[in-house]
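Notes follow once the structure below has been shown.
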Amino acid sequence: MGKTQSKDKYEEANFSKRKMSFTSASMAFGAWPEKVNMCEPTINATLYFDTCPTVEGLVPLCQVVSSYERCAGIPEGTPGKADWRIKFVDFEPKDMIRTIKASSDDEVHTKIENLLHDSTRNRNLPWWEIVRIEAPKGCRSAIVIRIDHVIGDGISLVNLMEQILTDNDGAKLDEIIPASMSKKFNRKLSFGQKFCQFFKIIYYFFVVLGLPVGSFDTKTAFRANMGAKMDYTWKRKLIRFQALPLDYVKKLKSEGGVSLNDVMFTCLGGAIRRYNIAQNCEVTDKKKKNIRCRALMPVAFPRPNVDKNDKSAILRNKWVFVGADFGVGYEDVVERLRYVNGNMNVMKNSPLAGVQLAVQESIPPKLPLNAGRKTVHDTFVRHSVIFSNVPGPEKIVKFGGQEVMETQMYFNNLLPQVGILSYRGNIFMNMNMDTEAIPGGEMMPVYFAREMLDLSEKLGVEAPLDLIERASEMLDLSEKLGVEAPLDLIERAK
């Protein structure tokens, strides 16, 4: 009887019946210590167009988004508690669209950078919006779909995008998330494997508990302004990397006998290594592992198929962060690739993510609010990067009736945030960082290109010409700065 009365009470008050998980709730009431001065956790899915979709073309898409429970109201609850629900509000789909004018490609980019700190919470509207950045003919316009992380994680939002994107003929998209991503969470174990898994769970339980008190990453030039007292600076630059043909990266993956994610992760580690060397910071160590430089990687748990059509359940935050070392101490890119692949395989075959999720949903709700927030901060500041890689549509898609030319996923975070998204045969990548705290960080795409070229040469895979040209940008910069360029780069650029 009491349960029925409780439901009736929420229905009368215009609240959702379903409560949020503690992970979702914590992002609503604030997961960070107040002194960190953290920004709102807004996911910025950005689509680039030759012709910007019209407001009229976007209104029907807003109607679809508004039909999802978490996109139809405002979260309300008690800070520190798992009692948060959606309180439904009245609004029109067109209320969720706004337009910004830009006069050039560079201004479009600057407008997006500035937009990322705009709040979605300061209006009596759901915590999402669609922003049109309209540029003149000959420039690329952009649509930024801004969704508060409270609404859902990356996998959730891909499920949502499947409902508002169409193929080139206007038909509904097939599923974007590969079936293999779901299968890896549904492996059947033998009795012996289950027995061993039990002891692994105990081991990883203590590994997870030790994350906020473990060792810090090695103090290098890249980490010069990161540490225990790190606060959010509100100074962020979006650095876009050279788009990579997916087939090219797949060839590297096949020749190396590793995953596509391993390739990207390894070359980013090499880019960080090159950055440190350029800043006269020594990163070579005989033991190699002593140079600790790790990323936190979000691991999302795919939804059961029964949830796919349930608009009250499909959007959720069921994900955890797991740490992975870049192998920055390894000078040889293939040796680093083997190191990264070995670590990733151990992680994939372990119960670490599941244990982390169980701890995340059970222990923090029982902690005092300030203690829980301190745990989040202490975990982040021990690492150096956030590394996110999300699959996108393989074929050309349209949004609001216009063909999407490029996609990017932008997110502001305490640490430098790397966003990788695949689309129409390319891999699009960006790094969001404070370039005052990491001076010269604008060179990261060039360092990354150099690592890709080195890996290509050692694995016998032909590199795309535009990647070689991007790496050659270092020559121009070296000349302007009066810095001697590496001999191998000079030879390659001839």
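Counting begins at 1 with the first residue of the sequence. None of the values given here were measured: they were computed from a predicted structure.
Residues Ile133 and Ile112 meet the side-chain proximity criterion, which asks for heavy atoms closer than 4.5 Å. The shortest side-chain heavy-atom distance between Tyr275 and Pro439 falls under the 4.5 Å cut-off. Put simply, the side chain of Arg274 does not reach to within 4.5 Å of the side chain of Val446, judged on heavy atoms. Using a 4.5 Å heavy-atom threshold, the side chains of Met226 and Leu415 count as touching. Side-chain contact between Phe326 and Val385 is present, with heavy atoms from C-beta onward closer than 4.5 Å. Side-chain contact between Pro464 and Leu244 is absent, with no heavy-atom pair separated by less than 4.5 Å. Val299 is not listed as a side-chain neighbour of Leu357, based on a closest heavy-atom distance of 4.5 Å or more. Residues Ile239 and Asn430 fail the side-chain proximity criterion, which asks for heavy atoms closer than 4.5 Å.
Thr42 OG1 to Trp128 CH2: the interatomic distance, rounded to the nearest 0.5 Å, is 14.0 Å. Of the inter-residue distances, the one linking Ile420 atom CD1 with Gln408 atom CD reads 10.0 Å to the nearest 0.5 angstrom. Here CD of Glu451 is found 10.5 Å from CD1 of Ile272. Values are rounded to the nearest 0.5 Å. In this structure, CZ in Phe241 is found 11.5 Å from CG in Leu467, a value given to the nearest 0.5 Å. Taken from CE in Met444 to CE in Met433, the straight-line distance is 5.5 Å, to the nearest 0.5 Å. One finds the CE atom of Met264 at 11.0 Å from the OG atom of Ser259 (value rounded to the nearest 0.5 Å).
For Glu406, the salt bridge (charged side-chain N to carboxylate O under 4.0 Å, His left out) test picks out Arg140, Arg240, with sequence neighbours left out. Taking the side chain to side chain donor-acceptor pair (under 3.5 Å) definition, one finds that Ser312 meets it with Asp310, sequence neighbours left out.
For the pair Thr218 (side chain) and Thr220 (backbone), a donor-acceptor distance under 3.5 Å is absent. A donor-acceptor pair is defined here as one N or O able to donate and one able to accept, closer than 3.5 Å; no such pair exists between the side chain of Ser254 and the backbone of Lys251. A donor-acceptor pair under 3.5 Å is absent between the side-chain atoms of Trp127 and the main chain of Arg146, judged by distance alone. A donor-acceptor pair under 3.5 Å is formed between the side chain of Arg382 and the backbone N or O of Gly214. Within the 3.5 Å criterion, the main-chain N or O of Asn37 finds no donor-acceptor partner in the side chain of Asp231. Panel note: side chain Asn168, backbone Val397; no donor-acceptor pair is recorded below 3.5 Å.
If you check the side chains of His383 and Asp217, you find no donor sitting under 3.5 Å from an acceptor. No side-chain N or O of Asn432 forms a donor-acceptor pair with one of Asn413 less than 3.5 Å apart. At a cut-off of 3.5 Å, with distance as the only test, a side-chain donor of Asn341 or Asn345 sits close to an acceptor on the other residue. Residues Asn389 and Asn261 have side chains that bring a donor and an acceptor to within less than 3.5 angstrom of each other. Of the N and O atoms on the side chains of Tyr248 and Ser456, at least one donor lies less than 3.5 Å from an acceptor on the other residue. Looking only at atom types and distance, the side chain of Glu361 has a donor-acceptor partner in the side chain of Thr23 under 3.5 Å away. Inspection of the Ser156 and Asp153 side chains reveals an N or O donor paired with an N or O acceptor under 3.5 Å. Donor-acceptor pairing under 3.5 Å is recorded for the side chains of Asp466 and Gln242. No side-chain donor-acceptor contact under 3.5 Å links Thr375 and Asp378.
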TODO: For the pair Arg70 and Ser24, evaluate side chain to side chain contact (heavy atoms under 4.5 Å, CB included) and give the outcome as yes or no after the intermediate values.
DONE: CA-CA 11 Å; Arg70 289 200 180 186; Ser24 294; 3.0 Å; yes

Open item on the list: side chain to side chain contact (heavy atoms under 4.5 Å, CB included) for Met347 and Val322? Distances and angles first, verdict last.
Closed with: CA-CA 9 Å; Met347 192 187 307; Val322 296; 3.4 Å; yes

TODO: Dump the intermediate steps for side chain to side chain donor-acceptor pair (under 3.5 Å) on Arg236 and Asn412, then the final yes or no.
DONE: CA-CA 8 Å; Arg236 288 296 180 272; Asn412 287 334; 5.1 Å; no

- [ ] For ring pair (Phe, Tyr, Trp, His ring centres under 6.0 Å), just list the numbers for His149 and Trp319, CA-CA rounded to whole Å, side-chain angles, deciding distance to a tenth of an Å, and then say yes or no.
- [x] CA-CA 12 Å; His149 212 322; Trp319 61 277; 5.4 Å; yes

TODO: Test side chain to side chain contact (heavy atoms under 4.5 Å, CB included) on Val404 and Ile396 and set out the steps.
DONE: CA-CA 7 Å; Val404 178; Ile396 294 173; over 6 Å; no

- [ ] Give the intermediate values and the outcome of side chain to side chain contact (heavy atoms under 4.5 Å, CB included) for residues Phe222 and Ile438.
- [x] CA-CA 6 Å; Phe222 188 78; Ile438 307 176; 4.0 Å; yes

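Leu315 approaches Leu157 most closely through the heavy-atom pair CD2-CD2, 4.4 Å. In terms of heavy-atom proximity, Ser384 sits nearest to Arg223 at OG-CD, 3.0 Å. The two residues Phe22 and Pro364 make their nearest non-hydrogen contact at CE2-CB, 3.5 Å. The heavy-atom pair separating Met429 from Val418 by the smallest distance is CE-CG1, 3.9 Å. The two residues Gln279 and Ala221 have their closest heavy-atom pair at CB-CB, 3.6 Å. The two residues Asp325 and Val340 make their nearest non-hydrogen contact at O-CG2, 4.1 Å.
A salt bridge links Lys458 to Asp332: one of the charged nitrogens lies within less than 4.0 Å of a carboxylate oxygen.
Just one of Tyr232, Phe411, Tyr410 meets the ring-ring contact (aromatic ring centres under 6.0 Å, His included) condition when paired with His117; it is Tyr232.
In this pair, Tyr423 and Phe428 present their aromatic rings tilted. The plane angle is within the 30 to 60° band. A tilted orientation is assigned to the rings of Phe49 and Phe399, their planes being inclined by 30° to 60°.
Sorted by first then second residue, the salt bridge (Lys or Arg N to Asp or Glu O under 4.0 Å) pairs that include residues 422-435, not counting sequence neighbours, are Glu403-Arg424.
Heavy atoms of other residues, nucleotides or ligands lying less than 6.0 angstrom from CD of Glu394 number 12 at most. The number of heavy atoms from other shown groups lying within 6.0 Å of NZ (Lys235) does not exceed 12.
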